[in-house]
S.K.: 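A single structure is presented below for examination.
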Amino acid sequence: MIAAFSHLSKDVRQYMLVTFNYWNFTVTDGALRMLVVLHFHQLGYSPLQIASLFLFYEFFGVVTNLLGGWLGAKLGLNRTMNIGLAMQVVALLMLAVPSVYLTVPWVMLAQALSGIAKDLNKMSAKSAIKTLVPGDQQGALYKWIAILTGSKNALKGAGFFVGGLLLATIGFKGAVIAMAMVLFVVLAMSLIWLEKGMGKAKNKVKFSHIFSKSGSINILSAARMFLFGARDVWFVVALPIYLGQVFGWDHAYVGGFLAVWVIAYGFVQGIAPRITGKAKGIVPDGKAALGWAGLLSVITAAVALGVQSGWQPEITIVVGLLVFGAVFAVNSSLHSYLIVSYAKDDGVSLDVGFYYMANAMGRLIGTILSGWLYQVSGLAACLWVSFVFLAVTTVISLWLPAHPKTQVAS
């Protein structure tokens with residue numbers, strides 16, 4: 001196996017290493033999210049209190065993406081990726097303390113470290129692909145980004161299941177220790193084999209460059225913020241609690257269902273190039289992003305109407321969530337391709353970091369609203385706010401540049 005690995009080209013080996021790091025990190029990230037939601041709900045925390053536990057996670061994601069792109073261009077993407085892995089190990093071990101010390105401030109601090117770690121890792125992985133694919137092979141770039149993004153979300157879904165399962169079998173403390181041990185091994189492998197200086201800018205990187213000067217990237221970033229706010233406003237806190245409270249599902253069942261959803265979501269992301277036209281020899285543009293955002297807003301309105309009217313709640317939620325997930329996956333994959341395509345070659349992490357800062361801002365807004373709206377008005381209110389956010393995404397997407405349809409390179 002090692003011999004076969006050594007015969008691969010350097011770029012392919014590095015892509016595999018970056019993806020392996022990203023995969024392992026993502027499983028722990030998804031599992032930790034489910035562990036915190038279910039464990040603290042079990043302890044009697046309200047939906048708004050649970051949402052507050054993720055406040056620093058999402059807030060520092062905003063800060064990290066803004067500064068992380070600059071750090072990646074200055075230090076190299078290998079270093080920012082390894083720093084992210086190390087910080088996640090520390091965050092997990094912070095939660096392994098006795099239950100009496102698991103106060104809200106302590107958990108929020110651990111989640112802050114985890115948020116920084118997650119976005120350093122994601123920014124590094126997405127930016128690294130740009131450095132490994134020639135600039136004239138946009139079809140190959142779209143395919144590689146789709147595979148990385150789709151596999152990440154499939155594994156995050158697996159992480160949801162792992163989190164629910166570990167909580168039910170070895171408990172909260174045992175779960176975080178086990179994940180920290182696995183991630184420590186991954187970090188050691190990354191330190192040994194990941195290429196030094198990957199993604200490091202050739203020219204001097206000024207701190208002022210953290211803010212994008214590209215109109216297309218600014219427009220796409222705004223659309224991304226509302227897109228992910230629309231997902232998280234009902235998915236992050238409201239939905240897991242709703243499934244337990246209203247449907248009476250246990251922790252393993254909630255985790256398993258959400259795991260299947262995210263795995264299916266990741267699968268659709270992985271095949272998004274085929275869905276959006278790669279089979280016909282074209283790559284997507286701003287018009288494609290506009291159309292898919294509009295479709296998603298219509299689907300969300302339909303699910304909101306079903307939940308509000310009380311028509312077959314389980315069918316509405318399960319089927320609506322699956323359809324929403326499939327269309328959202330295509331939207332997300334389109335955005336992930338467009339940002340890497342729009343980004344400049346030298347210091348790619350600066351543009352990608354700014355874009356994911358907007359992504360994190362949307363998640364932050366969505367997470368806070370998810371806990372507050374569900375506690376005050378229920379799941380239907382969360383879905384209607386999601387629809388409004390998606391309508392805004394659609395309007396913003398009108399200004400995305402429409403590139404000529406170019407031949408896809410394999």
S.K.: Which heavy atom of F56 sits nearest a heavy atom of A112, and at what distance?
M.R.: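 Looking at all heavy atoms of both residues, the shortest contact is CB-CB, 3.6 Å.
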S.K.: Any sub-3.5 Å donor-acceptor pair from T169's side-chain atoms to L165's backbone N or O?
M.R.: yes
S.K.: If you define the side chain from C-beta out and look only at heavy atoms, does anything of I50 sit under 4.5 Å from Y374?
M.R.: no
S.K.: Quick check: do W249 and E314 have side-chain heavy atoms less than 4.5 Å from each other?
M.R.: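 Of all side-chain heavy-atom pairs linking E314 with W249, at least one is under 4.5 Å.
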S.K.: Main chain of V237, side chain of S370: is a donor-acceptor contact present, judged purely on distance under 3.5 Å?
M.R.: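 Checked: pair present.
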S.K.: Which value, rounded to the nearest 0.5 Å, describes the distance between F172 atom CZ and L102 atom CG?
M.R.: 6.0 Å
S.K.: Can you check whether Y22's main-chain N or O pairs, donor with acceptor, with T26's side chain at less than 3.5 Å?
M.R.: yes
S.K.: Given Y57, which partner from the list D119, T367, D29 fulfils the side chain to side chain donor-acceptor pair (under 3.5 Å) test?
M.R.: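 Testing each of D119, T367, D29 against Y57, the sole residue satisfying side chain to side chain donor-acceptor pair (under 3.5 Å) is D29.
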S.K.: Let me confirm one number: the CE-CG distance from M87 to L85, rounded to the nearest 0.5 Å.
M.R.: 11.5 Å
S.K.: For residues V37 and P240, report the shortest heavy-atom separation together with the two atoms involved.
M.R.: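 The answer is CG1-CB, 4.1 Å.
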S.K.: Would you indicate whether the side-chain heavy atoms of R33 and V236 approach each other to under 4.5 Å?
M.R.: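 Answer yes - side chains close enough.
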S.K.: Please work out whether the ring planes of F387 and W384 are parallel, tilted or perpendicular, with thresholds of 30° and 60°.
M.R.: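 F387 vs W384 ring planes: perpendicular.
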S.K.: Would R224 and I339 count as a side-chain contact (heavy atoms from CB on, under 4.5 Å) if you check the C-alpha gap in whole Å, the side-chain angles of each, and the deciding distance to 0.1 Å?
M.R.: CA-CA 10 Å; R224 183 76 171 191; I339 180 55; over 6 Å; no
S.K.: Before you tell me yes or no, could you show the steps for F257 and V318 under side-chain contact (heavy atoms from CB on, under 4.5 Å), namely the whole-Å CA-CA distance, both residues' side-chain angles and the distance that decides it to 0.1 Å?
M.R.: CA-CA 9 Å; F257 172 72; V318 173; 4.0 Å; yes
S.K.: Ignoring hydrogens and geometry, is there a side-chain-to-backbone donor-acceptor pair from W292 to A329 under 3.5 Å?
M.R.: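 Side chain of W292 to backbone of A329: no pair is present.
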S.K.: Considering only heavy atoms from C-beta outward, does the side chain of L95 approach that of L35 to under 4.5 Å?
M.R.: no
S.K.: Is the side chain of T64 donor-acceptor paired with the backbone N or O of G115 at a distance under 3.5 Å, no angle test?
M.R.: no
S.K.: Checking the side chain of T80 only, and the main-chain atoms of L77 only, is there a donor and an acceptor separated by less than 3.5 Å?
M.R.: yes
S.K.: Which heavy-atom pair separates V268 from A326 by the least distance, and what is that distance?
M.R.: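 So the two residues come closest at CG1-O, 3.5 Å.
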S.K.: Taking C382's backbone N and O only, do any of them form a donor-acceptor pair with S386's side chain (distance below 3.5 Å, no angle check)?
M.R.: no
S.K.: Could you grab the distance from atom CE of M189 to atom CG of L17, nearest 0.5 Å is fine?
M.R.: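 If we round to the nearest 0.5 Å, M189:CE and L17:CG are 7.5 Å apart.
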S.K.: Kindly compute the distance separating CE (M81) from CG (L75), expressed to the nearest 0.5 Å.
M.R.: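 Spacing of CE (M81) from CG (L75) equals 14.5 Å.
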S.K.: Can you name the nearest heavy-atom pair linking F184 to V89, along with the distance?
M.R.: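 Answer, listing the atom of F184 first, then V89: N-CG2, 3.9 Å.
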S.K.: Run the side-chain contact (heavy atoms from CB on, under 4.5 Å) check on R231 and Y265 step by step: do they pass?
M.R.: CA-CA 12 Å; R231 184 197 66 177; Y265 162 79; 3.7 Å; yes
S.K.: Is there a donor-acceptor contact under 3.5 Å from the side chain of S114 to the main chain of A110?
M.R.: no
S.K.: Is there side-chain contact between V182 and V27, with heavy atoms separated by less than 4.5 Å?
M.R.: no
S.K.: What pairs with H41 under ring-ring contact (aromatic ring centres under 6.0 Å, His included), at least two apart in sequence or on another chain?
M.R.: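 H41 satisfies ring-ring contact (aromatic ring centres under 6.0 Å, His included) with no residue once adjacent residues are dropped.
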S.K.: Can you confirm whether F235 sits close enough to W261 that some side-chain heavy atom of one is under 4.5 Å from a side-chain heavy atom of the other?
M.R.: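 Answer yes - side chains close enough.
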S.K.: Does M361 have more than 12 heavy atoms from other residues, nucleotides or ligands lying within 6.0 Å of its CE?
M.R.: no
S.K.: Do other residues, nucleotides or ligands put more than 12 heavy atoms under 6.0 Å from the CZ atom of F161?
M.R.: no
S.K.: Between L38 and Q42, does the side-chain contact (heavy atoms from CB on, under 4.5 Å) criterion hold? Intermediate values first, please.
M.R.: CA-CA 6 Å; L38 296 179; Q42 191 176 35; over 6 Å; no
S.K.: In Å, rounded to the nearest 0.5 Å, how long is the span from CZ of F324 to CG of L383?
M.R.: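 One finds 8.5 Å between CZ of F324 and CG of L383.
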S.K.: Testing N331, L334, L290 one by one against S397 for a side chain to side chain contact (heavy atoms under 4.5 Å, CB included), which residue passes?
M.R.: L290
S.K.: Contact between S332 and F228 at the side-chain level, heavy atoms closer than 4.5 Å - yes or no?
M.R.: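 When only atoms from C-beta onward are counted, F228 and S332 do touch, with a gap below 4.5 Å.
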S.K.: Under 3.5 Å, is there a donor-acceptor pair between the side chain of S52 and the main chain of Q49?
M.R.: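 Yes, the answer is positive, given that a donor and an acceptor are paired below the 3.5 Å cut-off.
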S.K.: Quick one: are F25 and V186 in side-chain contact, heavy atoms under 4.5 Å?
M.R.: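 No - every pair of side-chain heavy atoms lies 4.5 Å or more apart.
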S.K.: Hey, could you give me the CD1/CG distance between I365 and D232, rounded to the nearest 0.5 Å?
M.R.: 11.0 Å
S.K.: Keeping T393 on the side-chain end and L227 on the backbone end, is there a donor-acceptor pair under 3.5 Å?
M.R.: yes
S.K.: If you compare all heavy atoms of A117 against all heavy atoms of Q88, which two are closest, and at what distance to 0.1 Å?
M.R.: CB-N, 3.6 Å
S.K.: More than 12 heavy atoms of other residues, nucleotides or ligands under 6.0 Å from CZ of F59: is that the case?
M.R.: no
S.K.: Might you point out which heavy atoms bring T394 and S297 nearest each other, and give the distance in Å?
M.R.: OG1-OG, 4.2 Å
